[in-house]
Amino acid sequence: MSTVRGIPFEAAGTVRTLAFTTAAMVRYQRAAGETLIAGVLAVERDGFDAERVGRLVNAGLGGKLTEEEVFALIDAVGYTEAIRLIGRAFKEAFPVPEPKADPDAAEEPAGNGAGRSEATPTP
């Protein structure tokens, strides 16, 4: 059973999974000279750096494809979709936990009476 968090997609008749694993992050940083997080943020901000998009896709696919194969995959899904897949794979790799409600919060009185008990005398 694999625990890799990734986003499956189909391109040119083949289903692949884009996953930003630890190995993918290191692979990207070595190839690009910037962290994967910096690369993803730059793509989300600018969007038009085809070389960066190619490096991100290549890293997320395991780094085993040639440059031409990566570019052909991007062309097959479309540039905008490739950027969307990068964003989804990033969110899958780095999920933001939902804030958990404090179970004691509902029991505490709100407003000016917070922290007082009935046994506390008032001046």
| task | Check the hydrophobic clustering (I, L, V, M, F, W, Y; side-chain heavy atoms under 4.5 Å; chains of links allowed) and say if V26 and F20 are grouped together. | result | no
| message | Quick check: do L85 and R88 have side-chain heavy atoms less than 4.5 Å from each other? | response | yes
| field | Atom pair CZ/CZ of F9 and R16 - distance to nearest 0.5 Å | value | 6.5 Å
| task | Find out whether F94 and L36 are in side-chain contact, i.e. whether some heavy atom of one side chain is under 4.5 Å from a heavy atom of the other. | result | yes
| Out of curiosity, T21 OG1 to R27 CZ, how far, rounded to the nearest 0.5 Å? | 6.0 Å
| message | Could you tell me if the side chain of V57 sits less than 4.5 Å from the side chain of I86, heavy atoms only? | response | yes
| Which atoms form the tightest heavy-atom contact between A19 and A24, and what is the distance? | O-CB, 3.7 Å
| request: Assess whether atom CD of E81 is packed by more than 12 heavy atoms of other residues, nucleotides or ligands within 6.0 Å. | output: yes
| Exercise: identify the closest heavy-atom pair between V70 and G54 | CG1-O, 3.4 Å
| Under a 4.5 Å side-chain heavy-atom rule over Ile, Leu, Val, Met, Phe, Trp and Tyr, are L41 and Y79 clustered together? | yes
| query | Looking only at heavy atoms, what is the nearest atom pair of A42 and R52, with distance? | reply | CB-NH1, 3.2 Å
| query | Does a salt bridge link E51 with R55, judged by any charged N lying under 4.0 Å from a carboxylate O? | reply | yes
| Euclidean distance, Y28 OH relative to T35 OG1, rounded to 0.5 Å | 8.0 Å
| remark: What one should report as the nearest heavy-atom pair of G13 and E10 is CA-OE2, 3.6 Å
| query | When rounded to the nearest 0.5 angstrom, what is the spacing between OG1 in T17 and CD1 in I7? | reply | 8.5 Å
| query | Roughly how far, to the nearest 0.5 Å, is the CZ atom of F90 from the CG atom of L18? | reply | 12.0 Å
| Between CD1 of I83 and CZ of F48, what distance do you get to the nearest 0.5 Å? | 7.5 Å
